[in-house]
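Notes for the one structure printed next.
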Amino acid sequence: MATRGGFSSRLGFIAAAAGSAVGLGNIWGFPAEVGAGGGGAFVLMYLIFCFILCFPVMVTEIAIGRKTQKNPVGAFNALGFRKWNFVGKIGILSGFLILSFYNVIAGWAFGYIFEMATSNFAIAEQFSAFKMQVFKVGGYGLVFMVVTAYTVSKGISGGIEKAAKFLMPALIIMMLVLIGYSFTLENSGAGLAFYLLPDFSKINGVVMYNALGQAFFSLSLGMGALITYGSYVSKKDNIISSAALITLADVGVAVLAGMLIFPLLGFITEGNIGDGQMATAGPDLIFVTLPKVFEQIGSFGAVVGAGFFVLLCFAALTSTVSLLEVPVAYVVDEKGIKRNRAVWLVAGFIYLIGIPSLIGNGYSEFFTNFITYIGADSPTSFLGFIGSVANDSLLPLGGCLIVFFAAHVWKKHNLDAELSVGNPSYEGSFLQKYLNFTISYVAPLALGVIFILTVLGTFFGIHLI
Ligand code: PFF
């Protein structure tokens, strides 16, 4: 077992797990959801869900991983519940699917570094054409996947941890510099106000349920990524405080991303941010609206624009690394394939599965208009479909099953015992009672409901809320 490797320190684990959490979901997804979900009201719900509901799920995943020192499938076997290893299998499938399209988007972001650096702001109007240049953007995606695979092939402490320890601080510094700059722009205050002042009348069922879905994805929960990372954590570490720091880092970066993007939106809309003239949601926010902002900025535009996309790529890389590590750990542990070989095999395979997501953006008619859900007016692309299946449906399902399993099958006292290792004052604390309650009832119920609502609403057009 000595060959399995592990994080060299608690900080290394926290950096890597925070790196997994901080990704496109924070810098691209979060502001886009805030824009669509009515500003500050969404932010408030998101914060509540991260700490109240998602944090207990994170603690559970890390505890299962550290207890068993196994990948998500092996973990259920090691605890003696082979029948439950389907939950790990769902997780590994989710990892495959998510990485397959996540890498495509990361490839776009990577390509945009060069577009911005050469002041090609006209790309804003040509985003659709850009996505259709499949050999070019496919090449960017390939580079991204190779860098991801190379990092994972170097192992836990020598690759994943080392990369995260450099990329995460670099990301935060770049972000702060860009935020500082965005605050100097005209009408930045109007953007910030839209972002930070909650309008409680906007909170409804849909905002709540989008906020929970976003929180869950953003914290990398539900597919066993943190079971896998947890399996490399030392028995000396305090799981609870590590999880708290990871959550704080993730939420912190999402909040900072908003503080960067909304002032920019305030600037470009001349203070009329809520008027719907500019895309403030979806992929267009980052790839269409922001380049227009960078163009308006003037002489600094190329630097700020390129800097922004470098930042986005740094965030994406620590996430793609974790997405790849999950199936790799499975193949290494369960199939006995050597790490290096496993990494390149799995990465190559996932890149291939991503091809329909790559070409389904205008290039291939079939994959662009891949499926029309029942009750929907227009078709969804392959990329959108995989997103709905994996991110929106399988992650909440996986999360629901993991917490249910921990509380009711593996049993709470076993979970408590693992959480007490490295944290002797846990047993009998208020936190223990709180976590027990949420893990046993609130989290499985809320996640189960989200799963059902998503499946009914997305695929069948039945909107219960
Ligand atoms: N948390 C990542 C993001 O916000 O972009 C995405 C992600 C990574 C989800 C790893 C799930 C995962 F296991």
Side-chain angles (χ1 to χ4, degrees), residues 15-34 46 49-50 54-55 57-58 61-62 64-65 71-72 87-88 90-109 144 148 151-152 160 163-164 167-168 171 210-231 243 246-258 283 286 311-330 346 350 386-387 389-399 402 447:
S20 166
V22 170
L24 296 173
N26 302 60
I27 297 168
W28 171 54
F30 176 75
E33 292 268 2
V34 174
Y46 172 80
F49 285 137
C50 278
C54 296
F55 172 71
V57 182
M58 179 181 290
E61 282 205 25
I62 300 173
I64 293 177
N71 66 86
V87 179
I90 296 179
I92 287 165
L93 175 70
S94 312
F96 260 90
L97 297 177
I98 295 175
L99 182 53
S100 76
F101 74 80
Y102 198 94
N103 188 69
V104 171
I105 301 171
W108 298 341
F144 211 89
T148 302
T151 310
V152 176
I160 297 179
L167 293 170
M168 291 305 286
L171 175 120
N210 282 340
L212 180 52
Q214 171 64 23
F216 213 66
F217 177 75
S218 181
L219 289 166
S220 299
L221 298 174
M223 54 163 270
L226 290 167
I227 295 184
T228 309
Y229 274 15
S231 75
I246 297 162
T247 307
L248 269 178
D250 185 60
V251 170
V253 172
V255 170
L256 285 179
I286 295 285
L311 180 144
L312 194 60
C313 287
F314 278 13
L317 183 61
T318 44
S319 297
T320 52
V321 158
S322 72
L323 285 160
L324 182 59
E325 175 59 28
V326 174
V328 165
Y330 168 70
V346 174
I350 294 179
I386 297 292
V389 171
N391 297 5
D392 305 343
S393 310
L394 292 182
L395 292 187
L397 175 66
I402 290 170
L447 293 166

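Both ligands and their constituent atoms are indexed starting at 1 by order of listing. We use all heavy atoms of the structure for the numbers below, so side chains are in, but hydrogens, waters and symmetry mates are not.
Atoms CG and CD, on N391 and Q214 in that order, are 9.5 Å from each other to the nearest 0.5 Å. Taken to the nearest 0.5 Å, the OH atom of Y229 stands 10.5 Å off from the CD1 atom of I246.
Where the criterion is an N or O separation shorter than 3.5 Å, residue side chain and backbone included, L24 meets it with respect to ligand 1.
Taking every non-hydrogen atom of A21 and a distance limit under 4.0 Å, the qualifying atoms of ligand 1 come out as 1 (N), 2 (C), 3 (C), 4 (O).
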Side-chain donor-acceptor contacts of residues 90-97 below 3.5 Å, not counting sequence neighbours, with atom names and distances?
from, atom 1, to, atom 2, distance (Å)
S94, OG, I90, O, 2.7

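Remark: minimum distance from atom 7 (C) of ligand 1 to any protein heavy atom is reached at S220 OG, 3.7 Å. The shortest contact between atom 2 (C) of ligand 1 and any protein heavy atom is with S20 O, 3.4 Å.
The closest approach between any non-hydrogen atom of Y102 and ligand 1 is below 4.0 Å. Residue I98 places every heavy atom at 4.0 Å or more from ligand 1.
Taking all atoms of both residues into account, the shortest heavy-atom contact from V22 to S319 is O-OG, 3.0 Å.
Using a 4.5 Å heavy-atom cutoff, the side chains of E61 and I402 are in contact.
Of the options F30, F217, Y229, the smallest heavy-atom separation from atom 1 (N) of ligand 1 is shown by F217.
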